**Q** 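Before I ask anything, let me first share the structure, which is written out below as structure tokens.
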Amino acid sequence: LRIPSTQTCLGIADITLRDNCLHDAAILTKEGAVCDQIQGVSLKDDCFLKVAVEQVNSKLCNSIASTPLKASCIAQVKTAATSSANCAGIAEFSLRDDCLLTAAKNTLQTDVCGNIINDAKRVTCYTEVAVGVGDVGICDNIVDVDSKQECIQKVADKKGTLDACNVLSGVPHDECVISIAAQTGNTEFCLFVTSFTSTVNYSDECYDTVARDTNQSSACLNVQDAEDQDLCLGAVGSVTLNTGACQYIVDESIQSECYSAIALATGEETVCEFAEDKEIHDACYKALGLKEEDLVLCEGILNNYTRDTC
């Protein structure tokens, strides 16, 4: 069964068809946040009810406009919440919490997490269920801001889309997008990164992270800071052993280090010759000569003293 994406549904012009599409998408993906996009009140209420029961998440019932349907939702969720029954008889708090955490992870029943006493385990529970279901709305149950953002980030990483990141703003939003961009290797996601502080240009960080994590030297060329762009190209070039990446480096020293790293990794002495920084050029030949135990390679060294000590 092909599940329609939220963006696909929102692109439908006819309101009724769009609402039906969102309704189906929400139920199939168990995402309460999608229900909120529905304009028709009755269909929206039905959507929240069905997703609430699927998630065993009574909090979603509060989003239902109809009072009778809201009461029905809470009753249905209570009936569905059976996974914590076996844990209720455990007297020791820590062991009962562990039991509830395991039950919630196995059944993805959100309300089970609310019965956990330990704050850290409760946060872990909501996070595990949110990731399992794929709904950032479950992260709203977490009070601590940092833990909530971490929960949202994990859901976003699991889904590999920007939808989850969009509930965040500022730097947390951009950090979320950077993580998805690096995970998918999609530099187009970096276009949605706009934060800029006195120490960090998050747009540059996005392209740099994608480049290094996925070995895309082309992504380095989008980095605006000249030195950071050179360092990015040098890092990717050294890992991929691609001298083409080194060619785009402007700084002579960084470029020479890039060529030297490739020469030492591949054993190709001719690559040392590309290093225009004389000190790095000679160090390249010397290191390669020692590595290969080949005195002939020492002849490529320009400095007499360095050549004699090779």
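This chain uses plain numbering: 1 for the first residue, then up along the sequence. As a basis for the values below, the full set of heavy atoms in this structure was taken, side chains included, without hydrogen atoms, waters or symmetry mates. Just so it is clear, the model here is predicted, and its values are computed rather than measured.
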**Q** For T110, what residues pass the side chain to side chain contact (heavy atoms under 4.5 Å, CB included) criterion, not counting sequence neighbours?
**A**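 T110 satisfies side chain to side chain contact (heavy atoms under 4.5 Å, CB included) with Q55, N57, Y126, V129, I138, N141 only.
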
**Q** Looking only at heavy atoms, which two atoms of H23 and C47 are closest? And how far apart?
**A**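 Nearest pair, atom of H23 first, then C47: CD2-CB, 3.8 Å.
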
**Q** Between D46 and K50 (salt bridge meaning N to carboxylate O under 4.0 Å), is one present in this structure?
**A**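 Looking at K50 together with D46, the answer is yes, because their closest N to O distance falls below 4.0 Å.
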
**Q** Check salt bridge (Lys or Arg N to Asp or Glu O under 4.0 Å) between D208 and all other residues, then give those that pass, not counting sequence neighbours.
**A**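 R212.
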
**Q** Could you tell me whether a side-chain N or O of D230 sits under 3.5 Å from a main-chain N or O of I249, the two making a donor and an acceptor?
**A**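 Flag not set: sc D230 to bb I249 has no pair under 3.5 Å.
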
**Q** For F274, give me all partners under ring pair (Phe, Tyr, Trp, His ring centres under 6.0 Å), at least two apart in sequence or on another chain.
**A**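 In terms of ring pair (Phe, Tyr, Trp, His ring centres under 6.0 Å), with neighbours along the sequence ignored, F274 is linked to Y259.
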
**Q** For D157, does its backbone N or O pair with a side-chain atom of Q183 as donor and acceptor, under 3.5 Å?
**A**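 A pair under 3.5 Å: yes.
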
**Q** Cluster question for you: counting only ILVMFWY and a side-chain heavy-atom cut-off of under 4.5 Å, with indirect links fine, are V200 and V193 together?
**A**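 Yes, because V200 and V193 connect within a single hydrophobic cluster, where side-chain heavy atoms sit under 4.5 Å apart.
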
**Q** Spell out, as yes or no, whether a donor-acceptor pair under 3.5 Å connects the side chain of R18 to the backbone of L10.
**A**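 Here the side-chain-to-backbone pair does not exist.
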
**Q** S256 and D277: side chain to side chain donor-acceptor pair (under 3.5 Å), yes or no, with the steps?
**A** CA-CA 6 Å; S256 296; D277 182 293; 5.4 Å; no

**Q** Taking R122 for the side chain and C113 for the main chain, is one N or O donor matched with an acceptor at less than 3.5 Å?
**A**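 Between the backbone of C113 and the side chain of R122 there is no qualifying donor-acceptor contact (under 3.5 Å).
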
**Q** Does atom NZ of K278 have more than 12 heavy-atom neighbours, drawn from other residues, nucleotides or ligands, at distances under 6.0 Å?
**A**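 Incorrect, the count does not exceed 12.
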
**Q** Can you give me the closest heavy-atom contact between K105 and E128, atom names plus distance?
**A**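 Minimum heavy-atom separation between K105 and E128: CG-CB, 3.7 Å.
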
**Q** What is the minimum heavy-atom distance between F189 and G160, and which atoms define it?
**A**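 Residues F189 and G160, closest heavy atoms: CE1-O, 4.5 Å.
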
**Q** If you compare all heavy atoms of V136 against all heavy atoms of A164, which two are closest, and at what distance to 0.1 Å?
**A**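 Here V136 and A164 meet closest at CG1-CB, 3.2 Å.
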
**Q** If you count every heavy atom of other residues, nucleotides or ligands that lies below 6.0 Å from E188 atom CD, does the total exceed 12?
**A**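 No.
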
**Q** Write down the atom of A245, the atom of S217, and the distance for their closest heavy-atom approach.
**A**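 Scanning both residues, the minimum pair turns out to be CB-CB, 3.9 Å.
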
**Q** How close do D204 and D225 get, counting heavy atoms only, and between which atoms?
**A**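 Answer, listing the atom of D204 first, then D225: OD2-N, 3.1 Å.
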
**Q** Scan for ring-ring contact (aromatic ring centres under 6.0 Å, His included) pairs involving residues 277-304, sequence neighbours excluded, and state none if there are none.
**A**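 Found H281-Y285.
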
**Q** I'd like to check the salt bridge (Lys or Arg N to Asp or Glu O under 4.0 Å) partners of D98; sequence neighbours left out, ordered by chain and number.
**A**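 Partners of D98 under the salt bridge (Lys or Arg N to Asp or Glu O under 4.0 Å) test: K121.
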
**Q** Kindly say whether E252 contributes a backbone atom to a donor-acceptor pair with the side chain of E276 at under 3.5 angstrom?
**A**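 Flag not set: sc E276 to bb E252 has no pair under 3.5 Å.
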
**Q** Short question: side chain of T240, backbone of V236 - any donor-acceptor pair under 3.5 Å?
**A**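 Flag set: sc T240 to bb V236 pair under 3.5 Å.
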
**Q** Distance-only, no hydrogens or angles: does the D213 side chain make a donor-acceptor pair with backbone N or O of A182 under 3.5 Å?
**A**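 No, because the side chain of D213 does not come within donor-acceptor range (under 3.5 Å) of the backbone of A182.
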
**Q** Taking it one step at a time, do K154 and E150 satisfy salt bridge (charged side-chain N to carboxylate O under 4.0 Å, His left out)?
**A** CA-CA 6 Å; K154 288 183 177 180; E150 185 178 347; 3.5 Å; yes

**Q** Run the side-chain donor-acceptor check on residues 24-40: report pairs under 3.5 Å with partners two or more places apart or on a different chain.
**A**
unit_1: T29; atom_1: OG1; unit_2: A25; atom_2: O; d: 2.6
unit_1: E31; atom_1: OE1; unit_2: K159; atom_2: NZ; d: 2.9
unit_1: E31; atom_1: OE2; unit_2: K159; atom_2: NZ; d: 3.2

